[in-house]
Amino acid sequence: MTLVSSQYLAEATEHDPQMQLPTHPRLPEDLLKIWFNQQTLIITGGVSDVVLRGKAVSELLQQLVPLLNGQRTVAEICALLSAFPATNVRDALTLLYMQGVLEEGPGDQAGLDAAVVRQFGAQLKFYSRYVDQTRMQRNRYSVLRSLQDSAVVLISSARLAPSLSSALANLGLGHLRLLLLDAASIELPSFATMQVEAVQLDLNAVPLGWSQLASASADANLLVFAADAAHAELLNRLNRFAVDQGLRFLPAHIHADAVELGPLYFPDESCCYECARLQQELRSTSAPASADASLALNEQIGVSQTALMVLSALTNLVQTQAANTIYRLNNDTLELEAQTLYRLLGCPVCATVNPKLTAGDLLVGPEHSEQLPLLYHFDSADQSYLHAVRTHQQHYLSKNVKASTGGFKQYATRERIDLRPYLSGWPSGFDSPMLPQLPPAMPIGTQPTLRDLTWLCLTTFSRYVSNPELGWEQGQRLTPSGGNLSSQTLYVVNRSIADLAAGLYHVNPSLGALEILHTGPVYDELNAAVPDAGSLPANTVGALIITGLYGRLESKYGKKAYRYTLYDGGVLLHSLASVAPLLGLEVWQAAAFDDDAVRSLLAVHAIDELPLYVVYLVAPQGMEG
C-alpha cells in the first residue's frame, strides 16, 4: 500500500480552490473513532474506513480530534495546540479533510430555521457522512437547504402516494405537488415541514389533464411518475412533456411482480424514457393491485429507492446513478440490478443532432457501428450530473500521485540504451523550462543520429530533461497530459538513424533510455499497416508511434478518460511536429492505419492501450534512408 504524508497533501492542495479547509472544521460526532493502538486511529461509519498511522496519532491527533466540533476556526485550533507548530496542525487538518471526515461547522446552517434543524436531526447526521462524496454541498445543512427549497411534482396512484410522499417528507423535501391517477380518496399524514398540494388528475379529460400538470410543474425541480400498473400511453406523453418543458423526469414502475426505476432524464444531457424503450424491453403489462392492498416488500424497497434517487437529483449529495440507467429489482435477491443505457441520436423524442450533420449524414442503428465513437463522445460529455465519486480528490490519490511523478510504462526485462550521455552540449534555446520560445532551427549532420533522436524524444516527451547548470529541478515540460497522468506512450521504429540498429524501441522517459523490443526490418512491417506509406520520400529514416494508455486516466476522469487520452495524443503529436524541424527533420503523420496490425507489431494486447498516430521522420533532401 502506498502512503501519502499529510505534509505532501497540505503542500499539494494549498492553492487548489476545491481543497480549501472548512473555516470551522467539524469531525461528525456520529463517525466512530477507534484508537486501535498508540499510533493507529480508525475512523469508521462513513463511506469507507479511514486509517491514520504514525507518531502524530498519539501526540497530535489525540489532542486535535476533541477540538473538531465546528465551533472553532483553524486559527483558534492552532492557538489551542501551541505546543505543535501551526503548519503541523494544518497538515493534519488537510489530511483529515482529504480523507473525507471533515465538514463545515454548524455556524453555517444555510439559513435553516432552528425547528427544521431539530426536526431532521437524524437525517442531518446521515447527510454529513456523505458530504465528501462529491463536495457539491459544504455540509449537512446545505443538503437540507437544497431539499427545503425544492419542489417535486409526483404523479402516482392512491396506493403508492402515501408511502412515497412520506419517504420524500422524511428526506426533508420542502414542496410536493401530488397528482393522483385514480379517483380513490386518500389521507396523507400530516407533514410538519413539507407543503403538499393534492390535485386529481383526470385521465378522461382532453388532453389528459395537461393543463393541471403544466400549472403544477411551472417552477418544479423534478417530475416523478410512480405507478403500480401499466400506463404506457401516459408514460410516453409524460416523457415528451418533460423533454418539451426542459424538466427532469423520473419514471418508476413499482409493482409486486416487478420493480423498475429510471432512467432519470436530465434535459439535453441524458437519454429519455423513449431512448430506454427503444433499447430495452420495459414493463408494460402489469395488472393493477387492489387499491387497499398493502405494499409488498419489494414495493417498499422500490419506494425507498425512488426517494433516494430524488435525493441525489436534487442535492448532488452523491453521484446520480439513475441517469442513462434502468434499475430492476431482483425479486430473489432483493437487489437492484443496473442496466446501462445510452442516448439514442435517432430518438424521436429527445434526439438533438449536431447542426453540422444533416439527417442523411448520420446513420443510426445496430448495423451502423461506425457511429459508435460519435455516440460515445456525445454520452461522455461533461454532464451536470456526472460528479465522479470524490472527483475533487482524484488527483491526490496515492496511485495518481505515483503516476504523475514518473510512473511511465516500462519494460523491466528488456535491454536498454542509455540516452543521457547524448544530452551534453545543449542547443541554444533548449535550456529554458517549458520552451517558452522555440529556438531557431539547428543544422543537422550528414545523417540523423541517435543524438538527434534523443533530443527529439526527450525534449517533447520527458518531464525532467533540464540543464543542471541552470539549477532547474524540473526543466522541459513541453507536453502536458490530462491530470498530469501521462497517458501518452512513445515507440521508435528505426530504419536508418545512425548509431542505432534497425528495429522497434520503447522510449522510457523516466530512465532517459530506449528499451529494445525487437530488432530487424520492423519498418517494412509498419509500412504494410499504413496506407500510402509507399509514397513516403526515400529519405525517411524511421517513425515514431504514439499510443494512448487511457487506463491511467480512468481513476480520475471515468468515462471522459478515452476522450482526454485522444487529446493527450494530439498534444504530443503537436510537440513532435514543432520540435522536429528545429533538428532539421520533417514530420509526416498518419492517423488512418490498420489498428490491429500496429497493435500486433507493438505486442500491445491490453484493452486500455490504443495506437493513435504514426509519425514518420524525414531527413533533409539528399540524405537517402
Side-chain angles (χ1 to χ4, degrees), residues 402-427 430 445 447-468 472-479 481 484-526 541-549 551-552 568-569 572 575-576 579-580 583 585 598-606 608-609 611-617:
K402 180 181 178 181
S404 64
T405 54
F408 291 95
K409 179 179 180 179
Q410 63 178 327
Y411 291 81
T413 61
R414 300 288 182 168
E415 184 181 350
R416 295 190 177 102
I417 299 174
D418 189 358
L419 300 179
R420 289 171 295 182
Y422 297 93
L423 293 177
S424 60
W426 286 58
F430 275 79
Q447 186 179 15
T449 65
L450 183 55
R451 179 181 181 278
D452 300 314
L453 180 65
T454 297
W455 279 107
L456 177 61
C457 292
L458 295 190
T459 299
T460 58
F461 191 48
S462 175
R463 291 177 184 276
Y464 68 91
V465 175
S466 60
N467 187 344
W472 293 103
E473 294 182 0
Q474 184 167 317
Q476 262 86 343
R477 186 70 171 89
L478 183 61
T479 305
S481 61
N484 210 26
L485 296 174
S486 306
S487 70
Q488 307 102 322
T489 301
L490 192 63
Y491 300 86
V492 175
V493 176
N494 182 35
R495 181 190 185 199
S496 58
I497 294 175
D499 308 325
L500 184 65
L504 175 65
Y505 303 84
H506 171 252
V507 180
N508 187 325
S510 295
L511 301 177
L514 289 181
E515 294 170 333
I516 305 173
L517 302 184
H518 182 65
T519 57
V522 180
Y523 180 81
D524 294 335
E525 295 181 45
L526 174 63
V541 296
L544 303 175
I545 302 176
I546 302 174
T547 69
L549 282 164
R552 284 185 176 275
D568 286 353
L572 177 55
S575 296
L576 291 169
V579 173
L583 298 169
L585 295 169
V598 174
R599 279 177 179 267
S600 178
L601 176 69
L602 300 176
V604 171
H605 304 298
D608 64 347
E609 182 174 2
L612 301 177
Y613 299 103
V614 175
V615 183
Y616 286 97
L617 303 177

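Residue indices begin at 1 and follow the sequence shown.
One finds the OG1 atom of T454 at 4.0 Å from the CG atom of L419 (value rounded to the nearest 0.5 Å).
Of all the heavy atoms in D452 and L583, the pair that sits closest is O-CD1, 3.6 Å. The nearest pair of heavy atoms linking P611 to V598 is CB-CG1, 3.8 Å.
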Margin query: Between I546 and L576, does the side chain to side chain contact (heavy atoms under 4.5 Å, CB included) criterion hold? Intermediate values first, please.
Written below: CA-CA 10 Å; I546 302 174; L576 291 169; 3.8 Å; yes
Checklist line | Criterion side chain to side chain contact (heavy atoms under 4.5 Å, CB included) on T489 and V604, from CA distance to verdict | finding: CA-CA 11 Å; T489 301; V604 171; over 6 Å; no
Next item on the list: Go through the steps to decide whether I516 and R414 satisfy the test side chain to side chain contact (heavy atoms under 4.5 Å, CB included), and finish with yes or no.
Entry: CA-CA 6 Å; I516 305 173; R414 300 288 182 168; 5.6 Å; no
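For the pair H506/K409, a side-chain contact is recorded, criterion being any heavy-atom separation below 4.5 Å from C-beta on. L504 has its side chain out of reach of V492: every pair of non-hydrogen atoms, C-beta onward, lies at least 4.5 Å apart. Counting heavy atoms from C-beta on, the side chains of L453 and L544 come closer than 4.5 Å.
Residues satisfying the side-chain hydrogen bond (donor to acceptor under 3.5 Å, both in side chains) criterion with Y505, sequence neighbours excluded, are absent altogether. For L601, the side chain to side chain contact (heavy atoms under 4.5 Å, CB included) partners are V522, E525, L526, I545, not counting sequence neighbours.
Within the structure, no pair that satisfies the salt bridge (charged side-chain N to carboxylate O under 4.0 Å, His left out) test touches residues 504-514, not counting sequence neighbours.
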